[in-house]
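Reading through the structure tokens given below for one structure.
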Amino acid sequence: MAMKKSAWKWMLAACMLFGTMAPVALAVQEPVPPAKETRTVQEDRAIAGQVPLRQAALSIGAVVKWDKSANAAKVSYGDIVWTVRVNDAVSDVNGMELKLSAKPGLTEQKKLTVPWDSFKQALNVNADWKDNKVVVDASDWKTKASQFVVTWGQTAVNPQAEAELQPYLTEALKKATKQFPFSMTVMQVVPTLGQPVQFVSAAQQHNGVHNTVTVTFMTDKGIPLQVELRYTAEGLINEVFPIYMPAAGYQKPAYDKSGTYKEEAIVFGEEAFKLPGTLTLPADVKGTVPVVVLVHGSGQHDRDESHGASKIFRDLAIGLAQQGVATVRYEKRTREYPNHAAGARDFTVMEETVADAVYAAKWAAQDKRIDKANVYVLGHSQGGMLVPRILDHDKDKSIRGAIVAAGPAGPIEDLILEQLEGHVKRAKDGKQPQAVISQLEGQVAGFTQFLKTIKDEKYSVDNLPPNFPMAKWWMDFRNTYAAEVSKKQAIPLFVIQGDNDFQVDKSHLDVWKKELTQRNNVEYKLYPKLNHFFIPSEQPSTGAEYAIPGNVPLEVAEDVAKWIKAQK
């Protein structure tokens with residue numbers, strides 16, 4: 001349960017946002033060419049079909065740089081570089097000559113203009129120039145997406161930008177952004193990563209629910225930023241998801257051998273919040289097989305629960321398949337529908353995690369290749385903490401047993417404070433600069449104040465604290481003692497923990513053992529050297545090792561499979 005800025009952004013929203021965002025100046029005026037090369041005002045007005053180069057380019061995510069020595073403008077848009085020279089009807093695109101339909105001109109304000117038809121041809125754009133704006137044709141999905149991201153990135157400093165995006169949204173997203181505007185998300189992106197200014201690339205893929213266009217930009221801080229736009233079949237945007245910290249560096253485990261498993265794309269869930277996922281099956285299995293539904297921890301996780309250079313759920317799925325056990329893993333609702341979640345006033349862990357885990361179990365039970373009498377859930381971190389709730393809401397009794405992996409035994413709000421205090425201690429022990437320590441201490445102080453409201457008994461799910469982010473989520477989930485709740489349940493449990501986990505340390509396993517002493521259908525295992533994501537680390541875990549490629553040992557999947565088979 002990595003409580004980083006990316007992990008709590010949708011929960012803490014503005015309350016944990018420190019500092020302000022200064023407007024970013026996007027327009028830089030071209031140097032004025034020598035007087036002998038300029039046109040008169042009358043000549044400017046006579047030029048038909050000319051558009052201001054910088055204005056048109058910036059609006060779609062292209063960057064314009066002026067080369068004074070060559071008296072030329074260089075326009076970069078994705079992998080295209082277009083060079084335009086003043087008073088020259090010949091330009092070049094990636095070194096290849098392109099004749100313009102007319103010479104570039106200058107406005108009265110000494111802004112460089114170019115023929116619109118040449119602009120479109122050079123940058124491979126299908127659009128019209130209307131009312132002094134680039135109006136992109138629906139068929140040009142790449143430019144339409146890049147233009148949307150540019151406007152989205154301006155919402156924090158330009159209120160009109162929010163309104164300009166509305167025609168492209170589904171009714172559901174319009175409703176959500178009234179409660180949680182795009183600007184709230186952008187205000188958390190820009191101070192750290194910067195303003196998206198230069199389009200790099202775009203790719204699209206249909207995941208069974210949305211046609212997702214992933215747009216990559218460079219920000220004005222020189223940092224790559226990816227934004228996922230999720231389109232409906234009608235061509236409207238149903239979600240916008242910036243990827244704050246892309247997972248990178250993952251390497252397949254040594255036990256990932258082709259031919260030992262097969263995977264299928266699946267879709268399940270509540271009608272308005274269908275989720276895409278993956279069913280992993282053992283290869284060449286005769287008859288039905290047990291299945292494990294993998295339930296995410298806190299944060300906006302993908303189906304693999306990708307974090308840094310690890311993919312714990314993918315590793316488990318491959319490992320379990322080799323033991324004859326199928327798995328279902330899926331995009332978490334807060335990842336597939338982040339704005340809907342943030343804009344829902346009644347959003348709780350029921351909508352975040354519990355309901356979808358139950359939906360997944362019910363879906364698995366109806367598949368003819370699955371042994372419907374042997375459906376299990378494995379909850380990691382916050383997902384493990386929610387195992388008791390998942391079992392309580394399994395009204396059809398689809399779930400035979402559950403695995404709690406690094407699941408907190410007590411309240412999440414207390415754990416967050418412990419984690420923040422731990423960051424301060426490690427910074428001091430590591431002799432970090434005082435500025436770093438002070439910043440971490442400020443986070444502790446901020447969350448401590450936040451915690452007072454969470455713990456205030458005068459508030460409840462029926463009497464929410466005013467102007468409090470995710471108020472119902474917190475009032476519903478606070479003071480949750482998962483291990484204690486499990487005492488009243490009878491479904492078999494397997495509680496596993498890494499002893500090198502600094503986020504949910506092994507003391508939580510001790511609490512699970514203590515609380516469930518009277519139960520005879522619970523097993524436990526502590527794994528030496530494994531961190532919070534069940535990846536081996538020779539050094540004490542600090543989170544820094546998350547960026548180092550590693551895999552869940554096959555032993556973990558073998559133990560889970562052995563326990564499952566013992567329940568039959």
Side-chain angles (χ1 to χ4, degrees), residues 1-21 188-189 191-194 221 223 244-245 247-249 297-299 307-310 312 380-382 384-385 406-455 469 474 478 497-511 526-550:
M1 182 160 36
M3 298 308 296
K4 306 180 176 179
K5 189 177 295 182
S6 60
W8 355 308
K9 85 162 185 75
W10 61 272
M11 295 193 292
L12 304 188
C15 69
M16 293 298 287
L17 181 65
F18 297 98
T20 57
M21 177 179 139
Q188 297 173 65
V189 173
T192 303
L193 301 181
K221 293 186 177 182
I223 300 173
Y244 294 79
M245 295 183 178
S298 63
H307 191 90
S310 70
I312 175 177
H380 175 239
S381 196
Q382 181 182 295
M385 182 181 181
I412 191 171
E413 63 272 18
D414 296 344
L415 179 60
I416 293 173
L417 182 59
E418 290 176 11
Q419 290 178 341
L420 292 174
E421 291 173 339
H423 289 320
V424 174
K425 183 179 185 303
R426 282 186 292 277
K428 289 181 176 179
D429 291 346
K431 300 187 185 305
Q432 292 288 316
Q434 185 56 45
V436 173
I437 294 172
S438 296
Q439 183 181 25
L440 294 173
E441 289 176 335
Q443 292 177 4
V444 171
F447 191 79
T448 299
Q449 290 300 115
F450 192 65
L451 192 58
K452 289 180 181 179
T453 302
I454 295 173
K455 296 292 193 182
W474 282 110
R478 68 177 181 179
Q497 175 77 42
D499 81 340
N500 195 13
D501 185 342
F502 82 96
Q503 294 182 238
V504 182
D505 66 43
K506 60 186 178 183
S507 66
H508 289 264
L509 180 65
D510 296 332
V511 175
L526 180 66
Y527 292 91
K529 299 182 181 180
L530 299 195
N531 65 16
H532 187 60
F533 291 92
F534 288 80
I535 307 295
S537 177
E538 294 294 332
Q539 301 299 319
S541 175
T542 63
E545 80 278 6
Y546 295 165
I548 301 172

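Fair warning: this is a prediction, and the values are worked out from it, not measured in the lab.
- The aromatic rings of His380 and Phe533 sit tilted, their planes meeting at an angle between 30° and 60°.
- A heavy-atom distance below 4.5 Å is not found between the side chains of Leu420 and Leu440.
- When atom types are taken as modelled, the side chain of Gln497 and the backbone of Val504 share a donor-acceptor pair closer than 3.5 angstrom.
- If you take CG on Leu193 and CD1 on Ile223, they are separated by 5.5 Å, rounding to the nearest 0.5 Å.
- Using a 4.5 Å heavy-atom threshold, the side chains of Pro411 and Lys455 count as touching.
- For the pair Phe450 and Leu417, the minimum side-chain heavy-atom distance is 4.5 Å or more.
- No side-chain heavy atom of Ile535 sits less than 4.5 Å from a side-chain heavy atom of Glu545.
- With hydrogens and angles disregarded, a donor-acceptor distance shorter than 3.5 Å links the side chain of Asn500 to the backbone of Gln539.
- Heavy-atom contacts from other residues, nucleotides or ligands closer than 6.0 Å to NZ of Lys425 number 12 or fewer.
- A pairwise comparison of heavy atoms in Ala547 and Ala309 identifies O-CB, 3.6 Å as the closest pair.
- Annotation: side chain of Lys428 is in contact with side chain of Glu441 (closest heavy-atom distance under 4.5 Å).
- In terms of heavy-atom proximity, Gly297 sits nearest to Ser381 at CA-CB, 4.0 Å.
- Residues Gln419 and Gln503 meet the side-chain proximity criterion, which asks for heavy atoms closer than 4.5 Å.
- Annotation: Gln439, atom CD; neighbour count of heavy atoms from other residues, nucleotides and ligands within 6.0 Å does not exceed 12.
- Taking every heavy atom of both residues into account, Glu413 and Phe447 meet most closely at O-CE2, 3.4 Å.
- With a 4.5 Å cut-off on side-chain heavy atoms, Ile312 and His307 do not count as touching.
- Tyr546 is listed as a side-chain neighbour of Ser541, based on a closest heavy-atom distance under 4.5 Å.
- Scanning all heavy atoms of the two residues, the minimum distance from Lys529 to Asp499 falls at N-OD1, 2.7 Å.
- Contact record, Ile412 with Gln382: CD1-OE1, 3.2 Å, taken as the closest heavy-atom pair.
- In this structure, Gly249 and Pro549 approach most closely via the heavy-atom pair O-CG, 3.2 Å.
- Panel note: side chain Asp501, backbone Asn531; no donor-acceptor pair is recorded below 3.5 Å.
- A distance of 9.0 Å separates OG of Ser298 from CG of Leu415, quoted to the nearest 0.5 Å.
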